[in-house]
Amino acid sequence: MIGDELLSGIVREYKGQHLTILPDSYVVIDLETTGLDPQWNDIIELGAIRVEKGNVVDKFSSLVNPGYIIDSFITDLTGITNEMVASAPSIKDALPKYLDFVNESIVIGHNVNFDINFLYDNCMNSLKRPFSNDYVDTMRMSRKLFPQERHHRLHDLLTRFGVKQNVEHRALADIEQTNYCYLYMKSYIQDNGIDSVSVLNRHHSHISAKDIKATVTEFDESSPFYDKTFVFTGTLERMIRAAAMQLVVDHGGNCGDGVNKTTNFLVLGNGDFRGTKKDGKSAKYKKAEQLKLSGCDIEIISENVFYDMLE
DNA sequence: TCTCCTCGAGATCT
DNA sequence: CTCGAGGAGA
(Lines give C-alpha, C1' and ligand atoms only; values in the text may rest on other atoms or scores of the structure.)
Protein backbone atom coordinates (compact mmCIF):
# COMPACT_ATOMS: atom_id res chain seq x y z
CA MET A 1 0.00 0.00 0.00
CA ILE A 2 2.78 2.40 0.92
CA GLY A 3 4.57 1.49 -2.30
CA ASP A 4 1.46 2.19 -4.35
CA GLU A 5 1.03 5.52 -2.63
CA LEU A 6 4.58 6.55 -3.41
CA LEU A 7 4.29 5.37 -7.01
CA SER A 8 1.08 7.29 -7.58
CA GLY A 9 2.32 10.29 -5.63
CA ILE A 10 -0.31 9.99 -2.90
CA VAL A 11 1.01 10.58 0.58
CA ARG A 12 -1.75 10.97 3.14
CA GLU A 13 0.28 13.14 5.43
CA TYR A 14 -2.40 13.94 7.98
CA LYS A 15 -3.90 10.50 8.39
CA GLY A 16 -4.83 9.47 11.92
CA GLN A 17 -2.94 6.89 13.91
CA HIS A 18 -3.52 3.22 14.43
CA LEU A 19 -4.47 2.59 18.09
CA THR A 20 -3.87 -0.44 20.29
CA ILE A 21 -6.40 0.52 22.93
CA LEU A 22 -9.87 -1.08 23.16
CA PRO A 23 -12.34 1.80 23.47
CA ASP A 24 -15.91 1.51 24.83
CA SER A 25 -17.02 4.54 22.84
CA TYR A 26 -16.35 4.75 19.12
CA VAL A 27 -17.84 4.87 15.63
CA VAL A 28 -17.85 1.80 13.39
CA ILE A 29 -17.65 2.71 9.70
CA ASP A 30 -18.03 0.94 6.40
CA LEU A 31 -18.17 2.18 2.80
CA GLU A 32 -19.40 0.58 -0.36
CA THR A 33 -17.51 1.74 -3.43
CA THR A 34 -17.38 1.10 -7.17
CA GLY A 35 -14.02 -0.68 -6.78
CA LEU A 36 -10.86 -1.09 -4.73
CA ASP A 37 -8.76 1.91 -5.77
CA PRO A 38 -9.54 5.38 -4.36
CA GLN A 39 -7.83 6.93 -7.40
CA TRP A 40 -10.19 5.41 -9.91
CA ASN A 41 -13.24 4.35 -7.94
CA ASP A 42 -15.89 6.18 -5.89
CA ILE A 43 -18.05 5.87 -2.81
CA ILE A 44 -21.64 4.69 -3.36
CA GLU A 45 -22.66 4.21 0.28
CA LEU A 46 -21.61 5.79 3.57
CA GLY A 47 -22.43 3.93 6.77
CA ALA A 48 -21.63 4.37 10.45
CA ILE A 49 -22.94 3.53 13.90
CA ARG A 50 -22.06 5.36 17.08
CA VAL A 51 -21.34 3.25 20.16
CA GLU A 52 -21.15 4.87 23.58
CA LYS A 53 -20.13 2.83 26.60
CA GLY A 54 -21.01 -0.36 24.76
CA ASN A 55 -24.43 0.74 23.51
CA VAL A 56 -25.39 1.60 19.93
CA VAL A 57 -26.82 5.09 20.31
CA ASP A 58 -27.06 6.32 16.69
CA LYS A 59 -26.85 5.15 13.10
CA PHE A 60 -26.00 6.84 9.81
CA SER A 61 -26.63 5.48 6.35
CA SER A 62 -26.67 7.21 3.00
CA LEU A 63 -26.40 6.05 -0.58
CA VAL A 64 -24.21 8.21 -2.83
CA ASN A 65 -24.59 8.85 -6.56
CA PRO A 66 -21.16 8.39 -8.18
CA GLY A 67 -22.26 10.20 -11.34
CA TYR A 68 -21.72 7.21 -13.61
CA ILE A 69 -23.04 3.71 -14.21
CA ILE A 70 -22.19 1.17 -11.49
CA ASP A 71 -20.61 -2.01 -12.80
CA SER A 72 -22.84 -5.08 -12.55
CA PHE A 73 -20.13 -6.86 -10.59
CA ILE A 74 -20.47 -4.26 -7.83
CA THR A 75 -24.27 -4.44 -7.93
CA ASP A 76 -24.10 -8.21 -7.52
CA LEU A 77 -21.64 -7.83 -4.64
CA THR A 78 -23.39 -5.08 -2.72
CA GLY A 79 -27.00 -5.16 -3.87
CA ILE A 80 -26.72 -1.46 -4.75
CA THR A 81 -28.28 -0.71 -8.16
CA ASN A 82 -28.17 2.31 -10.47
CA GLU A 83 -31.84 2.92 -9.73
CA MET A 84 -31.11 3.07 -6.01
CA VAL A 85 -28.42 5.76 -6.34
CA ALA A 86 -30.25 7.77 -9.01
CA SER A 87 -31.92 10.05 -6.46
CA ALA A 88 -29.05 9.93 -3.93
CA PRO A 89 -26.83 12.96 -3.22
CA SER A 90 -23.35 13.36 -4.67
CA ILE A 91 -20.38 12.71 -2.41
CA LYS A 92 -19.79 16.45 -2.10
CA ASP A 93 -23.26 16.89 -0.58
CA ALA A 94 -23.29 13.70 1.51
CA LEU A 95 -19.81 13.90 3.00
CA PRO A 96 -20.29 16.90 5.35
CA LYS A 97 -23.25 15.19 7.09
CA TYR A 98 -21.25 12.01 7.40
CA LEU A 99 -18.28 13.86 8.87
CA ASP A 100 -20.59 15.56 11.37
CA PHE A 101 -21.82 12.15 12.46
CA VAL A 102 -18.36 10.59 12.76
CA ASN A 103 -16.97 13.73 14.35
CA GLU A 104 -13.66 13.30 16.19
CA SER A 105 -14.46 9.78 17.37
CA ILE A 106 -12.16 6.82 17.22
CA VAL A 107 -13.10 4.93 14.09
CA ILE A 108 -13.35 1.14 13.95
CA GLY A 109 -13.61 -0.97 10.81
CA HIS A 110 -12.48 -4.15 9.11
CA ASN A 111 -9.36 -3.37 7.09
CA VAL A 112 -10.35 0.16 7.99
CA ASN A 113 -7.44 1.66 6.05
CA PHE A 114 -9.44 0.91 2.93
CA ASP A 115 -12.34 3.07 4.11
CA ILE A 116 -10.13 5.75 5.63
CA ASN A 117 -8.13 6.15 2.42
CA PHE A 118 -11.34 6.64 0.44
CA LEU A 119 -12.61 9.14 2.99
CA TYR A 120 -9.28 10.97 3.15
CA ASP A 121 -9.06 11.42 -0.61
CA ASN A 122 -12.70 12.45 -0.95
CA CYS A 123 -12.33 14.93 1.90
CA MET A 124 -9.30 16.43 0.20
CA ASN A 125 -10.98 16.61 -3.19
CA SER A 126 -14.40 17.89 -2.09
CA LEU A 127 -13.67 19.83 1.08
CA LYS A 128 -9.94 20.60 0.92
CA ARG A 129 -9.40 19.05 4.34
CA PRO A 130 -7.94 15.70 5.45
CA PHE A 131 -9.62 12.88 7.40
CA SER A 132 -7.48 12.50 10.50
CA ASN A 133 -9.43 10.32 12.94
CA ASP A 134 -7.44 7.71 14.84
CA TYR A 135 -8.61 4.16 14.27
CA VAL A 136 -8.78 0.53 15.43
CA ASP A 137 -8.68 -2.18 12.75
CA THR A 138 -10.49 -5.47 13.44
CA MET A 139 -8.53 -7.22 10.69
CA ARG A 140 -5.27 -6.25 12.33
CA MET A 141 -6.64 -7.36 15.71
CA SER A 142 -7.50 -10.75 14.26
CA ARG A 143 -4.06 -11.13 12.65
CA LYS A 144 -2.28 -10.38 15.92
CA LEU A 145 -4.66 -12.37 18.09
CA PHE A 146 -4.96 -15.46 15.90
CA PRO A 147 -1.67 -15.67 13.96
CA GLN A 148 -2.22 -19.41 13.40
CA GLU A 149 -5.16 -18.60 11.09
CA ARG A 150 -4.40 -18.14 7.41
CA HIS A 151 -7.39 -15.92 6.57
CA HIS A 152 -8.77 -12.86 8.32
CA ARG A 153 -11.60 -11.68 6.10
CA LEU A 154 -14.70 -10.41 7.89
CA HIS A 155 -16.41 -13.56 6.64
CA ASP A 156 -13.72 -15.73 8.24
CA LEU A 157 -14.02 -13.98 11.60
CA LEU A 158 -17.78 -14.39 11.65
CA THR A 159 -17.44 -18.10 10.91
CA ARG A 160 -14.79 -18.43 13.60
CA PHE A 161 -16.95 -16.65 16.15
CA GLY A 162 -20.03 -18.63 15.18
CA VAL A 163 -22.13 -15.93 13.49
CA LYS A 164 -24.41 -16.32 10.48
CA GLN A 165 -23.65 -13.80 7.77
CA ASN A 166 -25.57 -11.79 5.19
CA VAL A 167 -25.31 -12.34 1.47
CA GLU A 168 -25.32 -8.70 0.43
CA HIS A 169 -22.54 -6.34 1.46
CA ARG A 170 -24.50 -3.33 2.57
CA ALA A 171 -22.74 -0.83 4.82
CA LEU A 172 -24.94 -1.08 7.93
CA ALA A 173 -25.10 -4.87 7.84
CA ASP A 174 -21.31 -5.16 7.59
CA ILE A 175 -20.92 -2.55 10.33
CA GLU A 176 -23.09 -4.52 12.73
CA GLN A 177 -21.03 -7.64 12.08
CA THR A 178 -17.75 -5.75 12.40
CA ASN A 179 -18.91 -4.40 15.76
CA TYR A 180 -19.75 -7.93 16.87
CA CYS A 181 -16.23 -9.08 15.91
CA TYR A 182 -14.68 -6.14 17.74
CA LEU A 183 -16.63 -6.86 20.93
CA TYR A 184 -15.83 -10.56 20.67
CA MET A 185 -12.08 -9.95 20.37
CA LYS A 186 -12.17 -7.25 23.05
CA SER A 187 -13.74 -9.75 25.47
CA TYR A 188 -11.30 -12.42 24.33
CA ILE A 189 -8.39 -10.16 25.19
CA GLN A 190 -9.82 -9.14 28.56
CA ASP A 191 -11.02 -12.63 29.57
CA ASN A 192 -7.62 -14.15 28.83
CA GLY A 193 -5.69 -11.39 30.57
CA ILE A 194 -3.86 -10.50 27.35
CA ASP A 195 -1.82 -7.31 27.31
CA SER A 196 -3.53 -5.71 24.34
CA VAL A 197 -0.86 -3.09 23.68
CA SER A 198 2.02 -5.54 23.32
CA VAL A 199 -0.04 -8.18 21.49
CA LEU A 200 -1.57 -5.73 19.01
CA ASN A 201 1.80 -4.08 18.41
CA ARG A 202 3.92 -7.17 17.95
CA HIS A 203 4.94 -7.78 14.41
CA HIS A 204 5.04 -11.40 13.62
CA SER A 205 8.69 -12.17 13.22
CA HIS A 206 9.75 -15.30 11.40
CA ILE A 207 8.99 -18.46 13.30
CA SER A 208 11.90 -20.81 13.43
CA ALA A 209 11.38 -24.52 14.07
CA LYS A 210 13.15 -24.48 17.41
CA ASP A 211 10.73 -21.87 18.77
CA ILE A 212 7.86 -24.37 18.62
CA LYS A 213 7.44 -26.07 21.99
CA ALA A 214 5.15 -29.02 22.67
CA THR A 215 1.96 -28.15 24.55
CA VAL A 216 1.62 -31.70 25.90
CA THR A 217 3.99 -33.80 28.02
CA GLU A 218 2.82 -37.33 27.21
CA PHE A 219 3.50 -38.78 23.76
CA ASP A 220 2.23 -41.83 21.94
CA GLU A 221 5.44 -43.66 21.07
CA SER A 222 3.68 -45.65 18.35
CA SER A 223 2.80 -42.48 16.44
CA PRO A 224 4.49 -42.16 13.03
CA PHE A 225 5.59 -38.73 14.25
CA TYR A 226 7.37 -39.95 17.36
CA ASP A 227 11.06 -39.00 17.37
CA LYS A 228 10.91 -38.08 13.66
CA THR A 229 12.10 -34.78 12.23
CA PHE A 230 9.83 -32.90 9.81
CA VAL A 231 10.68 -30.09 7.42
CA PHE A 232 8.15 -28.16 5.33
CA THR A 233 8.52 -26.53 1.93
CA GLY A 234 6.02 -24.38 0.08
CA THR A 235 2.76 -22.95 1.34
CA LEU A 236 0.35 -25.29 3.08
CA GLU A 237 -3.27 -25.18 1.98
CA ARG A 238 -5.06 -26.05 5.18
CA MET A 239 -3.01 -24.21 7.80
CA ILE A 240 -0.01 -21.99 8.19
CA ARG A 241 3.33 -23.68 8.66
CA ALA A 242 3.68 -22.77 12.34
CA ALA A 243 0.38 -24.55 13.11
CA ALA A 244 1.55 -27.67 11.26
CA MET A 245 4.85 -27.60 13.16
CA GLN A 246 2.88 -27.36 16.40
CA LEU A 247 1.00 -30.54 15.44
CA VAL A 248 4.30 -32.31 14.79
CA VAL A 249 5.86 -31.49 18.17
CA ASP A 250 2.61 -32.26 19.98
CA HIS A 251 2.74 -35.74 18.45
CA GLY A 252 6.24 -36.28 19.76
CA GLY A 253 8.14 -35.26 16.63
CA ASN A 254 10.68 -32.53 15.86
CA CYS A 255 10.83 -29.81 13.25
CA GLY A 256 13.70 -28.35 11.25
CA ASP A 257 13.96 -25.23 9.15
CA GLY A 258 16.20 -26.81 6.54
CA VAL A 259 16.72 -30.29 5.08
CA ASN A 260 19.75 -32.19 6.44
CA LYS A 261 20.81 -35.73 7.38
CA THR A 262 18.58 -35.68 10.45
CA THR A 263 15.44 -34.95 8.39
CA ASN A 264 12.98 -37.86 8.18
CA PHE A 265 10.06 -36.23 6.33
CA LEU A 266 9.88 -33.37 3.86
CA VAL A 267 6.29 -32.16 3.51
CA LEU A 268 5.40 -30.49 0.20
CA GLY A 269 2.77 -27.77 0.48
CA ASN A 270 -0.13 -28.19 -1.94
CA GLY A 271 -0.15 -24.45 -2.53
CA ASP A 272 2.16 -22.62 -4.89
CA PHE A 273 5.81 -22.16 -4.12
CA ARG A 274 6.54 -18.55 -3.52
CA GLY A 275 10.29 -18.52 -3.69
CA THR A 276 12.39 -18.98 -6.77
CA LYS A 277 11.98 -22.42 -8.22
CA LYS A 278 13.48 -24.13 -11.20
CA ASP A 279 11.72 -27.20 -12.59
CA GLY A 280 8.97 -26.61 -9.99
CA LYS A 281 11.11 -27.92 -7.15
CA SER A 282 12.34 -25.91 -4.19
CA ALA A 283 15.93 -26.14 -2.97
CA LYS A 284 14.70 -28.19 0.00
CA TYR A 285 12.98 -30.63 -2.35
CA LYS A 286 16.15 -31.13 -4.42
CA LYS A 287 18.32 -31.53 -1.35
CA ALA A 288 15.93 -34.12 0.07
CA GLU A 289 16.03 -36.07 -3.20
CA GLN A 290 19.83 -36.10 -3.10
CA LEU A 291 19.94 -37.30 0.52
CA LYS A 292 17.41 -40.00 -0.21
CA LEU A 293 19.58 -41.28 -3.10
CA SER A 294 22.62 -41.37 -0.84
CA GLY A 295 20.75 -43.62 1.57
CA CYS A 296 19.34 -41.26 4.18
CA ASP A 297 16.10 -42.18 5.98
CA ILE A 298 14.07 -39.41 4.41
CA GLU A 299 10.63 -39.51 2.85
CA ILE A 300 9.12 -36.81 0.64
CA ILE A 301 5.39 -36.60 1.22
CA SER A 302 2.52 -34.36 0.12
CA GLU A 303 0.50 -32.17 2.43
CA ASN A 304 -2.44 -34.58 2.19
CA VAL A 305 -0.32 -37.54 3.24
CA PHE A 306 0.87 -35.48 6.19
CA TYR A 307 -2.71 -35.04 7.38
CA ASP A 308 -3.43 -38.73 6.80
CA MET A 309 -0.51 -39.59 9.07
CA LEU A 310 -2.12 -37.61 11.86
CA GLU A 311 -4.89 -40.20 12.13
C1' DT B 1 24.35 -24.40 10.85
C1' DC B 2 22.61 -20.09 12.39
C1' DT B 3 21.23 -15.41 12.07
C1' DC B 4 20.02 -11.62 9.43
C1' DC B 5 18.65 -9.52 5.24
C1' DT B 6 16.21 -9.07 0.58
C1' DC B 7 12.84 -10.26 -2.60
C1' DG B 8 8.38 -11.94 -4.50
C1' DA B 9 3.82 -12.71 -3.84
C1' DG B 10 -0.59 -13.18 -1.28
C1' DA B 11 -4.08 -10.96 1.81
C1' DT B 12 -7.80 -7.55 2.62
C1' DC B 13 -11.14 -3.94 1.48
C1' DT B 14 -15.20 -3.03 -3.24
C1' DC C 1 1.44 -6.47 6.53
C1' DT C 2 2.69 -11.58 6.28
C1' DC C 3 4.78 -15.71 4.83
C1' DG C 4 8.23 -18.42 2.66
C1' DA C 5 12.63 -19.04 -0.18
C1' DG C 6 17.24 -18.21 -0.57
C1' DG C 7 21.70 -15.85 -0.10
C1' DA C 8 25.64 -13.62 2.67
C1' DG C 9 28.61 -13.98 6.25
C1' DA C 10 29.96 -15.48 10.83
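Order of the sequence lines sets the chain letters (A, B, ...), proteins ahead of strands, with each chain counted from 1.
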Quiz item: Of the nucleotides B:dT14, C:dA5, B:dA11, which one has an atom closest to the side chain of A:E32?
Solution: B:dT14

Between [X] and [N], is there a contact of a side-chain N or O with OP1 or OP2 at under 4.0 Å?
X	N	value
A:T33	B:dC13	no
A:K144	C:dT2	yes
A:H152	B:dA11	no
A:R140	C:dC1	yes

How many whole angstroms separate atom [atom1] of [X] from atom [atom2] of [N]?
X	N	atom1	atom2	result
A:H110	B:dA11	NE2	P	14 Å
A:F118	B:dC13	CZ	P	14 Å
A:I74	B:dT14	CD1	C1'	5 Å
A:D137	B:dC13	CG	P	10 Å
A:I116	B:dT14	CD1	P	14 Å

Quiz item: Checking all strands, does A:T78 fall into the base, sugar-phosphate, or nothing category for heavy-atom contacts under 4.0 angstrom?
Solution: sugar-phosphate

Quiz item: Hey, does the Lys NZ or Arg CZ of A:R50 hover above the aromatic six-ring of A:F101, less than 6.0 Å from the centre and inside 45° of the axis?
Solution: yes

Quiz item: To which residues is A:W40 joined in a hydrophobic cluster, defined by side-chain heavy-atom contacts under 4.5 Å among Ile, Leu, Val, Met, Phe, Trp and Tyr, whether direct or through other members?
Solution: none

Practice problem: Examine A:F161 together with A:Y180 and report whether their ring centres are nearer than 6.0 Å. | Solution: no

Practice problem: Assert yes or no for the condition that the ring centre distance of A:F265 to A:F232 is strictly below 6.0 Å. | Solution: no

